[in-house]
Amino acid sequence: MRRRTTAFTLIELLVVIAIIAILAAILFPVFSRAREKARQTSCLSNLKQLGLAANMYAQDYDETLPIVAIGPGLTYTLPDGTSHSGYLLWHTAIFPYVKNIGVYNCPSYRTSMYSGQYTGGGAYGINTLNDGLTLGQINFPSESMFFAEASGSDSYNLDGDTAGANDEMTANPRHNGGLNNAFVDGHAKWMKAENIPPFGTSSRYWYGPYTGSNP
């Protein structure tokens, strides 16, 4: 008596392949979004730490917030251990309170990695409209941005120059159509790119001393 063997027919095999392809098409975007969400959370944590570092800096300097650059004419040691003469950028000014170079890097932005060097690039920028203000001069600290995600060769300096502070931030939002921000009061949150107000002094988001109602 011959034993009957079971085997897939060509049609059955094609059906199985089609089902696998459909499942992959459904699940891969889900996995991709989940990975990006994890990177977004890591980036948010970085900005939270930068915001807290800025507040600790202020406590040591008569409640004066750090500025984009101090100098020129300074000779000092960069976070990577090398000596530099000239301006001292905010990265170095708050590094004693951060103590971790990795905090300056967004996991979704590998174009301009910060490794403790002197650079105008990087994943995050400082809001220069609040340069040198004291905590007491910020009327709405929970609404006034101090650090935010940015990109480009001038990303460290959100100053509304020819590149445009908003362009550096919102042209390529890295996390699900939005970007992370750290505010003067120390908290950090994600915002949709289209909800970032235009750069200027008539905005609580951009200018701490502003007393009006514009976001």
Side-chain angles (χ1 to χ4, degrees), residues 21-57 66 68 78-80 89-128 130 142-159 163-197 199 205-206 215:
I22 292 170
L23 289 174
I26 295 171
L27 294 176
F28 283 171
V30 173
F31 293 149
S32 179
R33 286 194 296 272
R35 286 194 298 271
E36 183 50 47
K37 188 65 176 179
R39 290 192 288 265
Q40 176 182 325
T41 301
S42 177
C43 174
L44 185 66
S45 175
N46 288 347
L47 278 161
K48 171 74 172 177
Q49 293 180 68
L50 292 178
L52 292 175
N55 272 270
M56 287 189 285
Y57 175 100
V68 64
L78 287 162
D80 66 2
L89 302 184
W90 65 263
H91 313 78
T92 303
I94 67 171
F95 186 69
Y97 308 94
V98 178
K99 298 181 179 178
N100 182 357
I101 289 174
V103 170
Y104 295 90
N105 290 310
C106 171
S108 293
Y109 185 64
R110 300 296 179 181
T111 304
S112 178
M113 298 287 290
Y114 182 74
S115 58
Q117 76 278 31
Y118 185 90
T119 178
Y124 307 120
I126 191 171
N127 176 12
T128 57
N130 288 330
S142 65
E143 299 176 53
S144 184
M145 180 271 291
F146 201 68
F147 296 109
E149 289 187 72
S151 58
S153 60
D154 192 36
S155 57
Y156 80 113
N157 185 7
L158 302 176
D159 61 352
N166 285 70
D167 290 341
E168 291 165 346
M169 296 162 60
T170 62
N172 297 293
R174 296 193 282 265
H175 304 299
N176 300 304
L179 60 147
N180 291 314
N181 306 256
F183 293 81
V184 173
D185 70 341
H187 89 282
K189 72 174 183 179
W190 175 89
M191 294 177 65
K192 287 184 177 181
E194 59 264 31
N195 291 340
I196 301 297
F199 180 85
Y205 175 87
W206 283 105

Table please: side-chain donor-acceptor pairs of residues 101-110 below 3.5 Å, with sequence neighbours left out.
residue: Tyr104; atom: OH; partner: His91; partner atom: O; Å: 2.6
residue: Asn105; atom: OD1; partner: Tyr114; partner atom: N; Å: 2.7
residue: Asn105; atom: ND2; partner: Tyr114; partner atom: O; Å: 2.8
residue: Ser108; atom: OG; partner: Glu36; partner atom: OE1; Å: 3.2
residue: Ser108; atom: OG; partner: Glu36; partner atom: OE2; Å: 3.1
residue: Ser108; atom: OG; partner: Arg39; partner atom: NE; Å: 3.2
residue: Tyr109; atom: OH; partner: Gly152; partner atom: N; Å: 3.2

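- Val68 is not listed as a side-chain neighbour of Asp159, based on a closest heavy-atom distance of 4.5 Å or more.
- In this structure, NZ in Lys99 is found 12.5 Å from CD in Gln49, a value given to the nearest 0.5 Å.
- You'll find the side chain of Met169 reaches within 4.5 Å of the side chain of Met145, heavy atoms only.
- Legend: side-chain hydrogen bond (donor to acceptor under 3.5 Å, both in side chains) pairs involving residues 164-174, not counting sequence neighbours, sorted by first then second residue: Glu149-Arg174.
- Atoms CZ and CG, from Phe183 and Asn55 in turn, are 13.5 Å apart once rounded to the nearest 0.5 Å.
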Using the rule given for side-chain contact (heavy atoms from CB on, under 4.5 Å), can you reason through Phe147 versus Asn181, listing the C-alpha separation, both sets of side-chain angles and the distance that settles it, and then say yes or no? CA-CA 6 Å; Phe147 296 109; Asn181 306 256; over 6 Å; no
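- At distances below 3.5 Å, at least one donor-acceptor pair connects side-chain atoms of Trp90 with backbone N or O atoms of Tyr156.
- Using a 4.5 Å heavy-atom cutoff, the side chains of Asn46 and Asn180 are not in contact.
- Thr92 contributes atom OG1, which lies 9.0 Å from atom OH of Tyr118 (distance to the nearest 0.5 angstrom).
- Atoms CG and CZ, from Leu50 and Phe146 in turn, are 10.5 Å apart once rounded to the nearest 0.5 Å.
- Taking 4.5 Å as the limit, some side-chain heavy atom of Asp185 sits within range of a side-chain heavy atom of Ser142.
- Although no hydrogens or angles enter the test, the distance criterion places a donor-acceptor pair under 3.5 Å between the side chain of Thr128 and the main chain of Leu158.
- Remark: Phe199 pairs with Trp206 by the ring pair (Phe, Tyr, Trp, His ring centres under 6.0 Å) rule, at least two apart or across chains.
- For the pair Leu44/Gln40, no side-chain contact is recorded, criterion being any heavy-atom separation below 4.5 Å from C-beta on.
- Counting only N and O atoms by type, the side chains of Gln117 and Thr119 include no donor and acceptor under 3.5 Å apart.
- In this structure, the side chains of Tyr124 and Cys43 come closer than 4.5 Å at one or more pairs of heavy atoms.
- Looking only at side-chain heavy atoms (C-beta outward), Ser151 and Thr111 stay at 4.5 Å or farther from each other.
- In terms of modelled atom types and a separation under 3.5 Å, the side chain of Trp190 and the main chain of His175 share a donor-acceptor contact.
- A pairwise comparison of heavy atoms in Ala150 and Gly125 identifies CB-N, 4.3 Å as the closest pair.
- Between the Lys48 side chain and the Gly186 main chain, a donor and an acceptor come within less than 3.5 Å of each other.
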